[in-house]
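Since the structure comes first, as structure tokens, the remarks are kept for the end.
Letters go in sequence order (proteins before strands), and every chain restarts at 1.
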Number of protein chains: 2
Amino acid sequence: MAVTDEAITKIKDMIISGKLSAGDRLPPEKELSEKLGLSRSSLREAVKALEIIRVLDVRRGDGTYVTSLEPQLLSEAMTFIVDLHQDKSILDIFAVRRILEPAAAAIAATRITPEQITALRATMENINDETSVESLVDHDLVFHELITAAADNSYLASVLNALSSSTVRARIWRGLTQEKAVDRTLAEHTAIIEALERGDADLAKSLLTVHISGVEHWLRQAL
Amino acid sequence: MAVTDEAITKIKDMIISGKLSAGDRLPPEKELSEKLGLSRSSLREAVKALEIIRVLDVRRGDGTYVTSLEPQLLSEAMTFIVDLHQDKSILDIFAVRRILEPAAAAIAATRITPEQITALRATMENINDETSVESLVDHDLVFHELITAAADNSYLASVLNALSSSTVRARIWRGLTQEKAVDRTLAEHTAIIEALERGDADLAKSLLTVHISGVEHWLRQAL
DNA sequence: GCATCATAAACATCCGACCATTAGACTTGC
DNA sequence: GCAAGTCTAATGGTCGGATGTTTATGATGC
């Protein structure tokens with residue numbers, strides 16, 4: 001194994017074993033490189049790799065720290081990866097979403113707060129036929145993130161958010177607007193909000209399944 | 001943004017835009033660094049970061065290539081990340097598994113092949129009270145991977161495999177053996193195989209839910 | 001045709017220098 | 001005493017080049 005990979009493994013192990021905890025500061029690059037027995041250049045490659053997957057947080061002029069390792073950071077790292085995979089088999093990704101998101105909605109229905117309902121309704125305002133694709137994507141992102149957030153499981157939210165990154169959504173919404181399917185999508189969103197508000201987990205789950213399947217169906221014929 | 005991060009973004013964009021496709025070879029480090037306007041050292045940090053998330057494949061003495069970007073590679077990258085998160089909220093991770101794996105089993109029940117059934121049974125052989133924890137973990141890994149593989153959705157399998165990495169499993173099995181719960185776990189595995197063999201999707205789904213919930217329950221009281 | 005070897009290309013590693021930024025100590029002025 | 005500004009040491013960011021190691025490839029000889 002290359003020295004850089006060894007360094008990555010060593011740092012990873014230090015975190016898993018608890019020698020390094022969330023928020024801890026690593027020794028300066030020069031010192032750590034000597035300790036691990038490699039050059040600063042090679043160590044920096046290792047640190048950069050761990051930085052991109054949100055394990056380390058490098059602050060210039062200050063030092064390098066272990067991130068909070070919160071689930072949300074998993075989402076960022078996963079999104080980066082999924083963005084690169086999306087063209088390969090977007091339908092497979094959608095199939096996973098179709099499993100997770102209805103389940104998330106069912107959980108959300110049992111514990112969503114009035115404030116979250118209000119926030120959901122807010123995503124529906126000021127949307128009409130002239131709304132730009134970018135704006136539609138933004139609202140759609142917030143809508144679905146609010147639902148997954150209401151399910152109160154950060155990992156569930158992370159995986160879902162990564163699987164439906166804004167890059168993926170953008171391409172889909174572009175298609176939806178061309179197909180004049182925006183109205184239908186918004187109507188489904190409205191129905192979902194109402195089900196959540198009534199605490200009807202079963203209906204919310206089914207509505208989400210229908211909602212996602214609809215987009216999936218459009219995708220299937222568009223490809 | 002630092003030059004290294006710019007390089008990461010540029011390479012990523014080249015892949016997303018299609019200028020670089022799976023299997024393509026990148027220009028030599030020296031040439032690419034000049035093209036992107038940064039030093040070779042900095043470029044190498046970018047390449048290393050993309051290598052660890054399985055986007056680039058660096059072959060010493062040969063060159064650097066874009067990986068196949070197959071879903072399985074997503075799993076490797078995700079596993080690396082999840083390993084670092086596991087202590088934070090393993091119960092949340094289990095909750096996601098409890099959603100995904102029963103759904104995967106239901107799909108698997110409709111399309112599993114006799115060969116896959118045979119392979120599943122094979123994971124049950126030679127297991128008894130003296131079997132080491134490491135061996136139990138291995139068999140358990142194969143058992144669940146076979147089910148997710150039978151569902152025939154690489155992304156579903158990738159996410160599931162990452163969420164139940166061997167590191168996570170190892171700790172759980174250590175607990176299970178202490179609790180003398182190995183027999184029960186194996187009995188549940190047997191029941192799942194039979195349901196899959198009969199093509200009973202509904203039962204397979206429920207059995208998986210029960211199976212995972214059982215472990216979840218043990219975990220909840222152990223923590 | 002096949003095995004062996006020589007060569008060049010490409011990545012791996014290291015070193016040392018210098019730049020840019022930051023946190024924190026310090027000074028200043030009130 | 002306190003607030004604002006300043007200075008400095010620590011730390012990461014970037015670079016260029018030198019050298020080692022591995023691999024692919026073509027030449028060579030049989």
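- Nucleic acid contact for R59(A): sugar-phosphate only, since backbone atoms but no base atoms lie under 4.0 Å from a heavy atom of the residue.
- One can place CG of L26(A) at 19 Å from P of dA10(D), the figure rounded to the nearest angstrom.
- In terms of polar N and O atoms assigned as donor or acceptor, the side chain of S41(B) comes within less than 3.5 Å of the base of dG16(D) in a complementary pairing.
- In terms of phosphate contacts, T4(B) brings no side-chain nitrogen or oxygen within less than 4.0 Å of OP1 or OP2 of dG13(D).
- Between E51(A) atom CD and dG12(D) atom C1' there is a gap of 10 Å when expressed in whole angstrom units.
- I8(A) has its CD1 atom 10 Å from the P atom of dT13(C), to the nearest Å.
- Between the CD atom of E34(A) and the C1' atom of dT11(D) there is a distance of 14 Å, given to the nearest Å.
- The main-chain N or O of Y65(A) is never found under 3.5 Å from a side-chain atom of D57(A) such that the two would form a donor-acceptor pair.
- Map G37(B) and G61(A) each onto its nearest nucleotide of DNA chain D; the residue landing nearer the 5' end is G61(A).
- For R40(A) and dG12(D), the shortest distance from a side-chain N or O to OP1 or OP2 is not below 4.0 Å.
- Nearest approach of G63(B) to R25(B), heavy atoms of both residues: CA-NE, 4.3 Å.
- Rounded to a whole Å, the CG atom of L43(B) is 14 Å from the P atom of dA10(C).
- With rounding to whole Å, E45(B) atom CD is found 14 Å from dC14(C) atom P.
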(request) Dump the intermediate steps for side chain to side chain donor-acceptor pair (under 3.5 Å) on S42(B) and S39(B), then the final yes or no. (result) CA-CA 5 Å; S42(B) 300; S39(B) 72; 3.2 Å; yes
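- Per the geometry, CD belonging to E29(A) stands 15 Å off C1' belonging to dC15(C), to the nearest Å.
- Under 3.5 Å, the side chain of T64(B) and the base of dC11(C) form no donor-acceptor pair of N or O atoms.
- Between R121(B) and E197(B) there is a salt bridge, since at least one side-chain N of the basic residue sits less than 4.0 Å from a carboxylate O of the acidic one.
- The backbone N or O of S135(A) lies less than 3.5 Å from a partner atom in the side chain of S132(A), making a donor-acceptor pair.
- Computed from coordinates, the R60(A) CZ to dA9(D) P distance equals 19 Å when rounded to whole Å.
- The nearest heavy atom of DNA chain C to L38(A) and to D62(A) marks one nucleotide each, and the one closer to the 5' end goes with L38(A).
- Of all nucleotides listed (dG13(D), dT13(C), dA10(C)), dG13(D) comes nearest to the side chain of R44(A).
- Contact annotation for S42(A): backbone-only contact, meaning every heavy-atom pair under 4.0 Å involves sugar-phosphate atoms and none involves a base.
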